[in-house]
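Letters A, B, ... mirror the listed sequences (proteins, then strands); counts begin at 1. These figures come from a predicted structure and were not determined experimentally.
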2 protein chains.
Amino acid sequence: MSEPEARPARAEQRRATEARILAAASRLFIDNGYERTTIRAVARAAGVDAGLVMHYFGSKQALFQRVTQASPMPELTGTPEEVTEQILARIAQMLAVEPAQSLALLRSVLTHPEAAEVWQEGTDRYHAEISHAIGAADADVRAALVSAVWLGVIVSRHLLKSPGLSDAGPQLVTDLLRPCLRSLTRADLPGTTG
Amino acid sequence: MSEPEARPARAEQRRATEARILAAASRLFIDNGYERTTIRAVARAAGVDAGLVMHYFGSKQALFQRVTQASPMPELTGTPEEVTEQILARIAQMLAVEPAQSLALLRSVLTHPEAAEVWQEGTDRYHAEISHAIGAADADVRAALVSAVWLGVIVSRHLLKSPGLSDAGPQLVTDLLRPCLRSLTRADLPGTTG
DNA sequence: GTCTATACATTGATAGAC
DNA sequence: GTCTATCAATGTATAGAC
């Protein structure tokens, strides 16, 4: 093998270009979804040629996977109350800063089959952990509802940009959401004082 | 004007064909969304030609509007408790039978700009009514959260077909959802007995 | 390592024959 | 009232020049 240190700039430049393409693709996938995001548009936004994008990532779907692949989430474990707080903390985090990978996936989850599949896999483990913490007969329904609430809040805020929710502070939102999620994760209903 | 009663079958056949096209379009828009639904596929499913679909509806977007135009919903009004029950009743109804117009719109709400616009208009009035019933300082955030929960539940059940939620009975779901929504529509938190 | 040129399929939409 | 033929545009993906 000849001098590997002779051309360190080559690999570095490649990584830089690749990063620019990924950033541009992420933005476009988040804003416009899978179908409406074209390779040409990604290339233009990244300041490169469309052929180069294909050369680096192979296909549009592969590029999408690279953008949406999320780091494995930490486990949800403990009592129902503890799990609820872990979920609330996670929601607060996703409200504070835009979760790029999740948003890119969520934007296309209703219209791109591959995105729906990845989403399913992710929520399956999620459901199992919540359901296990609840431990009631209808735990699976409750876990699904917790997941549905979480989905609705993130989608409404970041993607639909619902007025009144996109401006609200994470602290306020999680405070309002706490009793709501508590009622879902507690097997015994606290009773409605009506 | 010559005999208008001579050809009653003409108009009737046209209505029948139009109805078949609308039914096919509805199914495809619900299942695949706006982008992935092609005029050709609609025509094929309806057993007619693609040109005929264009001739009847003018454009793909016009066809989409015809499919997604919903009958105006009844007002939400009364005390927070009453409004909550009205929302729960509406959710129960949408869980029992597939709400075709809403689902066609919801499937594309994240990826089709026109769908997002129509959705916005619909939820604006919704928010105003809920917010008015709550009448607290953070009423707009609460109303947006109620809407987010509603969105998450319907999407999870009918579009994402979340296991554990797509099988559950409407009665069980609304019973589980009641304390959750109550906590959002009551300005005074009932307190978490932890 | 980057870009040009292009093949190939599919789309929405139009014009006109029957 | 229904269908055939076609247009113009756009998409992904590939081959090859620089």
Review point. Reckon B/Phe57 touches a base, only the sugar-phosphate, or nothing at all at heavy-atom distances under 4.0 Å?
Key: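 No contact.
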
Exercise for review: Describe the nucleic acid contact of A/Arg14 in one word from base, sugar-phosphate, nothing, applying a heavy-atom distance below 4.0 Å.
Suggested key: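 A/Arg14: no heavy atom of the nucleic acid under 4.0 Å.
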
Measure [atom1]/[X] against [atom2]/[N] and give the value in whole Å, please.
X	N	atom1	atom2	result
B/Met54	D/dG1	CE	C1'	17 Å
B/His55	C/dG16	NE2	P	14 Å
B/Leu63	C/dA13	CG	C1'	14 Å
A/Ile39	D/dG11	CD1	C1'	10 Å
A/Leu52	C/dA5	CG	C1'	16 Å
A/Asp49	C/dT2	CG	P	11 Å
B/Arg40	D/dC7	CZ	C1'	11 Å
A/Ile21	C/dG1	CD1	P	13 Å

Does [N] have its OP1 or OP2 closer than 4.0 Å to a side-chain nitrogen or oxygen of [X]?
X	N	result
B/Tyr56	D/dG1	no
B/Gln61	C/dG12	no
A/Thr17	C/dT2	yes

Practice item. Find out whether B/Leu103 and B/Phe29 are in side-chain contact, i.e. whether some heavy atom of one side chain is under 4.5 Å from a heavy atom of the other. Key: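 They are not in side-chain contact.
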
Review point. Can you name the closest pair of heavy atoms from B/Ser162 and A/Ala144 and give their distance?
Key: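 What the structure gives for the nearest pair is OG-CB, 3.8 Å.
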
Review point. Looking at A/Val146, A/Leu151, A/Val153, which hits side-chain contact (heavy atoms from CB on, under 4.5 Å) with A/Val149?
Key: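 Single pass found, and it is A/Val153.
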
Review point. Side chains of B/Glu35 and A/His112: is there a donor and an acceptor less than 3.5 Å apart?
Key: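 Distance-only check fails for B/Glu35 and A/His112.
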
**Study point:** A/Thr185-A/Thr84 side chain donor-acceptor pair, cut-off 3.5 Å
**Key:**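 Distance-only check passes for A/Thr185 and A/Thr84.
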
Review point. Pick the nucleotide of DNA chain D nearest each of A/Gly51 and A/Arg36; which residue has the one closer to the 5' end?
Key: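 Residue closer to the 5' terminus by nearest nucleotide: A/Arg36.
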
